[in-house]
Amino acid sequence: MTQAVVPEAEVAIRSPQEKEDLLTFPEYLEYEGEPDVIYELVRGKLIPMSALTIEQIKICEFLIYNLQRYFADKNLSLVAKKTVGVRTEDNSARIPDALVCSQSLWEGVGNRPGAGVLDFDEKPIVVVEIVSSDRRDDYVSKRHEYEVAEVPEYWIVDPKKKLVRVFANPSQEEGYSFVDFTEDASISSGQFEGLVLSVKELLDPPLVEGLIKEEKAKIKTLEERAETERQRAERLAQRLLEMGVNPDEI
């Protein structure tokens with residue numbers, strides 16, 4: 001996840017006056033801070049998020065691209081999005097690097113005013129954090145919050161450790177358990193049966209723009225072959241007609 005940059009004032013002990021300035025969740029949704037700055041809400045405190053690194057951007061784009069392709073191939077009514085918030089406590093909201101939710105949920109909140117944050121009853125089925133320098137935040141704090149918020153799966157993508165850790169609660173009775181997927185494995189998810197996503201490729205992904213170009217080139221080649229076959233069939237039909245044979249009766 002993008003690293004939370006905590007100003008020095010946040011580190012110091014707050015005075016009673018400062019404590020009164022904590023935001024409620026509804027106030028957070030309407031808060032307008034510095035232009036182009038994204039804030040998380042942590043127990044009422046606004047925490048500005050640092051910009052993603054190039055590595056994190058590439059991983060996030062590749063992950064979302066693959067999930068969107070998977071949803072299309074399986075004809076699933078799911079969407080994968082980035083920088084969408086998730087309410088985790090009464091006065092806390094996290095902004096994972098990526099999340100997956102139902103298409104109906106996404107369309108339902110699409111025109112809602114205020115910040116793009118899913119409330120308690122608007123649960124994503126998966127949230128994804130790409131580990132930043134604040135490793136404890138991703139592995140401990142956010143893991144606990146997503147678990148309490150009953151998010152079915154929480155993925156941690158860790159480029160430094162070269163693994164993807166998937167937290168899940170399949171029994172719905174106990175807390176999260178996790179499985180680590182290393183570079184020589186593909187990610188297995190209880191939410192996405194049949195998904196094939198190489199950890200090695202995710203951690204060192206190709207540019208999505210290049211993948212799209214390759215897809216377009218394949219489609220063009222298939223279209224050209226189809227047109228060639230169509231023209232060949234037309235010539236054959238014409239030849240049969242010249243021979244007095246109705247091609248539709250063959």
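Values reported hereafter were calculated over all heavy atoms of this structure, with side chains retained and with hydrogens, waters and symmetry mates removed.
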Heavy atoms, side chains only, cut-off 4.5 Å: are Arg235 and Gln231 in contact? yes
Can you check whether Ser198's main-chain N or O pairs, donor with acceptor, with Glu201's side chain at less than 3.5 Å? no
Any chance the rings of Phe178 and Tyr154 have centres within less than 6.0 Å? no
Show, in sequence, the C-alpha distance, side-chain angles and deciding distance for Val84 and Trp106, and conclude whether the side chain to side chain contact (heavy atoms under 4.5 Å, CB included) test is met. CA-CA 10 Å; Val84 178; Trp106 182 249; 3.7 Å; yes
Separation between CG of Leu29 and CG of Asp119, rounded to the nearest 0.5 Å: 7.5 Å
Whether Arg143 engages the ring of Tyr176 as a cation-pi pair (distance to the six-membered ring centre under 6.0 angstrom, angle to the ring normal within 45°) should be assessed. no
Within a radius of less than 6.0 Å around CD of Glu209, do more than 12 heavy atoms belonging to other residues, nucleotides or ligands occur? yes
Donor-acceptor contact below 3.5 Å, side chain Asp138 vs main chain Ile156: no
Counting N and O atoms only, with roles assigned by atom type, does the side chain of Glu30 sit under 3.5 Å from a partner on the main chain of Glu27, one being a donor and the other an acceptor? no
For a quick check under 3.5 Å, do Gln238 and Glu234 share a side-chain donor-acceptor pair by atom type? no
I'd like to check Leu23 versus Leu41 (side-chain heavy atoms, cut-off strictly below 4.5 Å). Are they in contact? yes
Any side-chain heavy atom of Phe167 within less than 4.5 Å of one from Val179? no
Report the residue from Asp97, Leu202, Asp204 that forms a side chain to side chain contact (heavy atoms under 4.5 Å, CB included) with Ile59. Leu202
Nearest heavy atoms of Trp155 and Ser189, plus distance in Å: CZ2-CB, 3.8 Å
With side chain to side chain donor-acceptor pair (under 3.5 Å) as the test, would you mind laying out the steps for Glu145 and Ser92 before giving the verdict? CA-CA 9 Å; Glu145 289 182 39; Ser92 293; 4.7 Å; no
Nearest-0.5 Å distance that lies between atom CD in Glu147 and atom OG1 in Thr88: 12.5 Å
Between Asp90 and Arg43, is the closest basic N to carboxylate O distance under 4.0 Å? no
Rounded to the nearest 0.5 Å, what separation is found between the CE atom of Met49 and the OH atom of Tyr39? 12.0 Å
Output, in order, the C-alpha distance, side-chain angles, deciding distance and verdict of side chain to side chain donor-acceptor pair (under 3.5 Å) for Tyr146 and Glu153. CA-CA 9 Å; Tyr146 291 136; Glu153 278 193 8; over 6 Å; no
Leu203 side, atom CG; Glu55 side, atom CD - distance, nearest 0.5 Å: 8.0 Å
How many angstroms lie between CG in Asn169 and OG in Ser177, if you round to the nearest 0.5 Å? 7.0 Å
Answer yes when Arg94 and Asp137 have at least one side-chain N-carboxylate O distance shorter than 4.0 Å, and no when they do not. yes
Is Glu242 salt-bridged to Arg239, going by a charged N under 4.0 Å from an acidic O? yes
Checking Glu61 side chain against Leu207 main chain: does a donor-acceptor pair fall under 3.5 Å? no
Does atom NZ (Lys123) have a neighbourhood of more than 12 heavy atoms from anything else shown, all under 6.0 Å? yes
Would you check if Glu129 and Val157 make a side-chain contact, meaning some heavy-atom pair closer than 4.5 Å? no
Under the criterion side chain to side chain contact (heavy atoms under 4.5 Å, CB included), I'd like the reasoning laid out for Val127 against Val86: C-alpha separation, chi angles, the key distance, then a yes or no. CA-CA 9 Å; Val127 293; Val86 178; 4.1 Å; yes
May I have the step-by-step check of side chain to side chain contact (heavy atoms under 4.5 Å, CB included) for Leu78 and Ile125, ending in yes or no? CA-CA 9 Å; Leu78 299 174; Ile125 63 173; 4.0 Å; yes
Any cation-pi pair here, Lys161 with Phe181, using under 6.0 Å and within 45°? no
By ring-ring contact (aromatic ring centres under 6.0 Å, His included), Tyr28 pairs with (sequence neighbours left out) none
Assess, by modelled atom type and distance only, whether the side chains of Asp184 and Thr182 contain a donor and an acceptor separated by less than 3.5 Å. yes
For the student: nearest non-hydrogen atoms of Phe25 and Ala93, plus distance: CE1-CB, 4.1 Å
Shared hydrophobic cluster, Leu46 / Ile38 (ILVMFWY, side-chain heavy atoms < 4.5 Å): yes
Beyond-backbone contact of Pro124 with Leu118, side-chain heavy atoms, under 4.5 angstrom: yes
Check whether any side-chain heavy atom of Glu183 sits under 4.5 Å from a side-chain heavy atom of Leu163, and report yes or no. no
Closest approach of Gln191 and Pro152, non-hydrogen atoms and distance? NE2-CB, 3.6 Å
Apply side chain to side chain contact (heavy atoms under 4.5 Å, CB included) to Val79 and Val100, showing your working. CA-CA 6 Å; Val79 296; Val100 176; over 6 Å; no
How far does OG of Ser102 sit from CD of Glu122, to the nearest 0.5 angstrom? 10.0 Å
Should Ile187 and Leu197 count as side-chain neighbours, where that means a heavy-atom distance under 4.5 Å? yes
Flag side-chain contact, heavy atom, 4.5 Å: Arg165 against Tyr139: yes
Does Arg230 use its side chain to pair, donor to acceptor, with the backbone of Arg232 at less than 3.5 Å? no
